[in-house]
Amino acid sequence: MKNFIQNKTKAVNLFIIILTGLVILTSCSNGKNKQKDKQKEKPTDIYVAGYDVNLENSAAMLWKNATPTRLTAGSDNAYATAVYVSGKDVYVAGHEEIETAIIAKVWKNGTATNLTDGSNSASATSVYVSGSDVYVAGSEHNETTSVAKLWKNGTAINLTDGSKFAVALSVFVSGGDVYVSGYEFNETANVAKIWKNGIAINLTDSKIFGSAKSIYVSGTDVYAAGYENDGSFDVAKVWKNGIATTLSNENQYASASSVFVSGADVYVAGYEVNIAKIWKNGTATNLTDGTKNAEAYSVYISDSDVYVTGYEGNEAKIWKNGAVLYSIPGGGNSIFVVER
């Protein structure tokens with residue numbers, strides 16, 4: 001009987017030891033998983049270029065993690081349209097009204113450089129940095145028309161000859177090639193275009209209004225986002241190597257404003273009717289519910305997270321993975337995300 005009790009006691013103690021060990025292992029495992037989750041949540045800096053209308057005139061603005069930096073004083077109307085971060089340097093493209101003209105500008109770490117002299121009105125709509133070279137896309141208007149422009153380190157390159165109204169909207173550099181998207185009027189319609197090293201490629205035909213608002217190059221594939229008018233409505237489109245894919249309902253007004261490629265996935269930001277949207281590989285997700293006018297202007301992918309800026313109602317919004325991260329006063333035109 002005594003041996004039986006001793007054996008039973010040993011069995012119970014052994015069970016307690018095993019159970020305690022399992023609890024410890026489980027606790028350690030959960031702790032490691034939590035550490036891994038924390039490691040996955042990489043800190044980021046979110047840059048948004050836009051404008052603030054809470055002054056006498058609109059001011060060009062840059063927000064870093066919702067903290068504002070005013071690029072202009074607000075004494076003249078000004079807008080920041082694009083932001084690009086290279087190392088420790090932050091570049092912003094935009095324009096400012098000076099007396100009777102609008103001057104295209106690029107700011108580096110808050111210091112402005114004029115791209116035009118004010119003799120003609122001009123605008124800068126996109127900026128891209130490759131190595132030590134700074135590329136800015138935009139346009140300059142003379143008395144009769146608008147010339148699509150590319151500035152490289154402040155030196156202007158004409159993409160069009162001025163015989164037709166044209167605008168450059170986005171620039172992307174891949175290897176030694178410089179891609180610009182926009183449109184050119186051909187006396188019948190605005191033709192969506194890509195310029196590769198200054199050579200024009202039409203995305204739409206001469207009878208249909210269209211525009212390529214954004215461009216992105218991934219490997220050998222060239223993507224553009226914008227719209228095409230089917231005769232009744234503007235339809236959101238994304239082009240891959242010149243082949244168009246329709247993103248929106250063809251019976252409703254819509255447009256795509258920005259494209260970003262991450263791995264095999266293609267993300268496009270824009271709107272349909274009055275709803276801000278993000279399309280991933282052609283599948284739409286609503287960012288707003290339609291109760292207020294809204295549009296998504298810019299998309300950026302960082303570590304599998306999807307960041308978007310645009311507006312809803314009277315506020316600029318920053319969305320992360322479909323949810324509002326925060327709101328900022330004024331308008332957000334462009335977003336760039338950097339992992340610390």
Side-chain angles (χ1 to χ4, degrees), residues 47 49-50 60 62 79-87 89-95 103-108 113-116 122-141 146-160 166-184 190-203 210-226 238-242 256-261 267-269 297-301 309 333-336:
Y47 296 84
L62 174 69
Y79 299 88
T81 54
V83 58
Y84 193 101
V85 182
S86 177
D89 296 319
V90 182
Y91 298 82
V92 177
H95 57 268
I103 296 178
K105 290 177 173 273
V106 61
W107 291 266
K108 179 182 178 181
T113 298
N114 291 348
L115 298 173
T116 55
S123 60
T125 50
S126 178
V127 59
Y128 194 102
V129 181
S130 177
S132 60
D133 295 321
V134 181
Y135 298 84
V136 179
S139 59
E140 187 171 10
H141 305 258
S146 173
V147 178
K149 296 260 187 178
L150 174 70
W151 290 271
K152 179 180 179 181
N153 302 325
T155 300
I157 300 166
N158 290 346
L159 298 174
T160 57
V167 174
L169 296 172
S170 180
V171 58
F172 196 103
V173 181
S174 179
D177 297 318
V178 182
Y179 299 82
V180 179
S181 68
Y183 67 87
E184 185 177 22
N190 291 337
V191 178
K193 286 181 176 276
I194 291 173
W195 291 270
K196 179 182 178 181
N197 301 324
I199 306 301
I201 301 165
N202 291 350
L203 297 177
S211 177
K213 297 181 178 180
S214 175
I215 191 162
Y216 196 102
V217 181
S218 177
T220 59
D221 295 320
V222 181
Y223 298 82
V238 62
W239 292 269
K240 178 181 178 181
N241 302 324
S257 300
S258 176
V259 58
F260 195 106
V261 181
Y267 298 83
V268 178
Y297 287 137
S298 179
V299 58
Y300 197 100
I301 313 303
T309 189
N333 292 323
S334 174
I335 191 167
F336 199 104

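Both backbone and side-chain heavy atoms feed into the values below; hydrogens, waters and symmetry mates do not. For reference, positions follow the sequence shown, starting with 1.
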Residues which pass side-chain hydrogen bond (donor to acceptor under 3.5 Å, both in side chains) with Tyr79, listed by chain and number, not counting sequence neighbours: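 Result, side-chain hydrogen bond (donor to acceptor under 3.5 Å, both in side chains) vs Tyr79: Ser58.
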Considering non-hydrogen atoms only, spot the tightest contact between [X] and [Y] and give its length.
X: Ser174; Y: Gly219; value: OG-O, 4.4 Å
X: Asn333; Y: Ala80; value: ND2-O, 2.9 Å
X: Ala104; Y: Ala124; value: CB-N, 3.9 Å
X: Trp195; Y: Gly182; value: CZ3-N, 3.8 Å
X: Ser257; Y: Tyr297; value: CB-O, 3.5 Å

Rounded distance (nearest 0.5 Å) linking atom [atom1] of [X] with atom [atom2] of [Y]:
X: Glu140; Y: Asn158; atom1: CD; atom2: CG; result: 8.0 Å
X: Asp177; Y: Thr220; atom1: CG; atom2: OG1; result: 11.5 Å
X: Lys149; Y: Ser123; atom1: NZ; atom2: OG; result: 11.5 Å
X: Leu159; Y: Leu150; atom1: CG; atom2: CG; result: 5.5 Å
X: Tyr91; Y: Lys108; atom1: OH; atom2: NZ; result: 3.5 Å
X: Ser181; Y: Lys213; atom1: OG; atom2: NZ; result: 11.0 Å

Leu169 side chain near Tyr183 side chain, heavy-atom distance below 4.5 Å: yes
Test log, rule ring-ring contact (aromatic ring centres under 6.0 Å, His included), inputs Phe336 and Tyr47: CA-CA 5 Å; Phe336 199 104; Tyr47 296 84; 7.4 Å; no
Stepwise ring-ring contact (aromatic ring centres under 6.0 Å, His included) check, Tyr216 with Tyr223: CA-CA 5 Å; Tyr216 196 102; Tyr223 298 82; 7.4 Å; no
Output field: ring centroids Phe172/Tyr128 closer than 6.0 Å: yes
Side-chain donor/acceptor of Ser139 to backbone N/O of Val147, under 3.5 Å: no
